[in-house]
Amino acid sequence: MSQAAIRTDTIHVKPNPSGFGAEITGLDLSRPLPPAQLAAVKQAFADHAVVWFPDQPLTHDELEAFTLQIGPFGVDPFIKPMEGRPHILELRREANETARNFGAGWHSDWSFQDTPPAATLLHSKMTPPVGGDTLYADGTRAYDDLSAVMKKLLDGLVAIHSAALPYGVKGLFAHEQAGESDRTMQIIVSEEADKTHPHPLVRTHPVTCRKALYVSPVYTLGIEGMAEAESAAILGFLYKHMTQDKYVYRHHWRENMLTMWDNRCTLHFADGGYDGHLRVMHRTTVAGDVPR
Ligand code: SIN
């Protein structure tokens with residue numbers, strides 16, 4: 001038996017009961033994965049949309065190398081990356097920090113880009129003893145469960161995405177920076193953030209070919225061609241629908257855990273609740289394609 005075949009046998013994929021989210025053990029991500037193991041990871045990712053690998057103490061080089069095994073790096077705007085590591089963002093909140101924790105709103109990463117990242121990888125370096133979970137919402141099942149009439153209405157719609165609300169010149173972070181923020185992360189507020197980008201409200205996953213809702217309260221401004229009140233009503237319904245408990249997986253971190261999520265069919269939300277404790281995470285993204 002070949003070495004690759006022996007090592008593939010060690011992979012264990014343990015899905016959540018809903019099928020959304022799965023733990024993967026039996027791998028050493030600090031070394032390049034043999035093709036069969038990498039294929040198994042990619043299959044689990046396609047099947048479960050959020051996968052996590054406990055007990056993976058990765059260096060920066062190893063995190064970058066594993067990311068590149070999944071695909072080329074995405075482009076990460078508006079946040080200053082780590083020194084000498086243009087593709088790694090440090091999501092850091094000090095124990096004495098009072099600024100709202102980063103990512104505390106439902107979103108799909110950088111959905112305002114023409115080609116938003118397919119995947120995000122987040123590696124936990126320091127985890128608080130309480131709070132700091134990440135919540136994930138399953139946009140595929142949320143779409144599947146809609147009535148045929150609602151699906152027909154949504155299928156043809158185009159949503160307008162923008163980074164304006166958080167990163168625009170009149171956005172949340174601009175407002176914060178005008179005051180006395182003690183945020184550790186360096187956010188770059190920019191006029192670039194006020195640009196808008198249309199994407200289908202329902203997108204078809206390029207790997208699974210399944211449809212998923214692709215809107216979020218952080219980055220979706222409205223629906224093309226609709227009056228504000230109309231699009232607010234539809235989007236408000238969708239946000240409530242997608243984030244019902246039955247579609248949400250609450251991820252509890254332990255140190256040295258790597259989690260990878262699929263931005264094409266999920267939303268996520270960084271929960272707080274850890275004031276007084278340090279939380280440090282390292283994040284990379286994998287480039288995606290034009291949503292269709
Ligand atoms: C994010 O990438 O939105 C932050 C996730 C987290 O820190 O839990």
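What you see is a predicted model, and the numbers here were worked out from it, not measured in a lab. Just follow the structure's listing: the first ligand is 1, and inside any ligand the first atom is 1.
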Query raised in the report: Could you walk me through whether Lys211 and Asp144 pass the salt bridge (charged side-chain N to carboxylate O under 4.0 Å, His left out) check?
Result: CA-CA 8 Å; Lys211 289 183 175 181; Asp144 285 348; over 6 Å; no
Query - Within 45° cone of Phe102 ring axis and under 6.0 Å: Arg93 NZ or CZ - result: no
Report summary line: Minimal heavy-atom distance between Glu90 and Val280, with the atoms involved, is OE2-CG1, 3.6 Å
Query raised in the report: Does His107 have a heavy atom less than 4.0 Å from any atom of ligand 1?
Result: yes
Query raised in the report: Can you find a non-hydrogen atom of Met281 under 4.0 Å from ligand 1?
Result: no
Query raised in the report: Going by the order shown, which atoms of ligand 1 are within less than 4.0 Å of some heavy atom of His268?
Result: 1 (C), 2 (O), 3 (O)
Requested in this report: State whether Tyr214 and Arg203 meet the cation-pi test: NZ (Lys) or CZ (Arg) under 6.0 Å from the six-membered ring centroid, and within 45° of the perpendicular axis.
Outcome: yes
Query raised in the report: How close does the nearest protein non-hydrogen atom get to atom 4 (C) of ligand 1, and which residue and atom is it?
Result: Leu91 CD1, 3.7 Å
Report summary line: Exactly one of Leu58, Thr259, Asn256, Val41 clears side-chain contact (heavy atoms from CB on, under 4.5 Å) with Phe53, and that residue is Val41
Report task. Mind running salt bridge (charged side-chain N to carboxylate O under 4.0 Å, His left out) on Glu64 and Arg85 for me, showing each step along the way? Result -> CA-CA 9 Å; Glu64 288 172 345; Arg85 300 280 171 178; 3.0 Å; yes
Query raised in the report: Is there a nitrogen or oxygen of Trp253 sitting under 3.5 Å from a nitrogen or oxygen of ligand 1?
Result: no
Query raised in the report: Which pair of non-hydrogen atoms, one from Glu255 and one from Met126, has the smallest distance, and what is that distance?
Result: OE2-CA, 3.7 Å
Query raised in the report: Considering only protein heavy atoms, which is closest to atom 7 (O) of ligand 1, and at what distance to one decimal place?
Result: Arg279 NH1, 2.8 Å
Query raised in the report: What residue and atom, counting heavy atoms only, is the protein's closest point to atom 2 (O) of ligand 1, and at what distance?
Result: Arg283 NH1, 2.6 Å
Query raised in the report: Where is the nearest protein heavy atom to atom 8 (O) of ligand 1: which residue, which atom, and how far?
Result: Thr134 OG1, 2.5 Å
Query raised in the report: Which part of Leu122 is near ligand 1, with near meaning a heavy atom under 4.0 Å away: side chain, backbone, both or neither?
Result: side chain
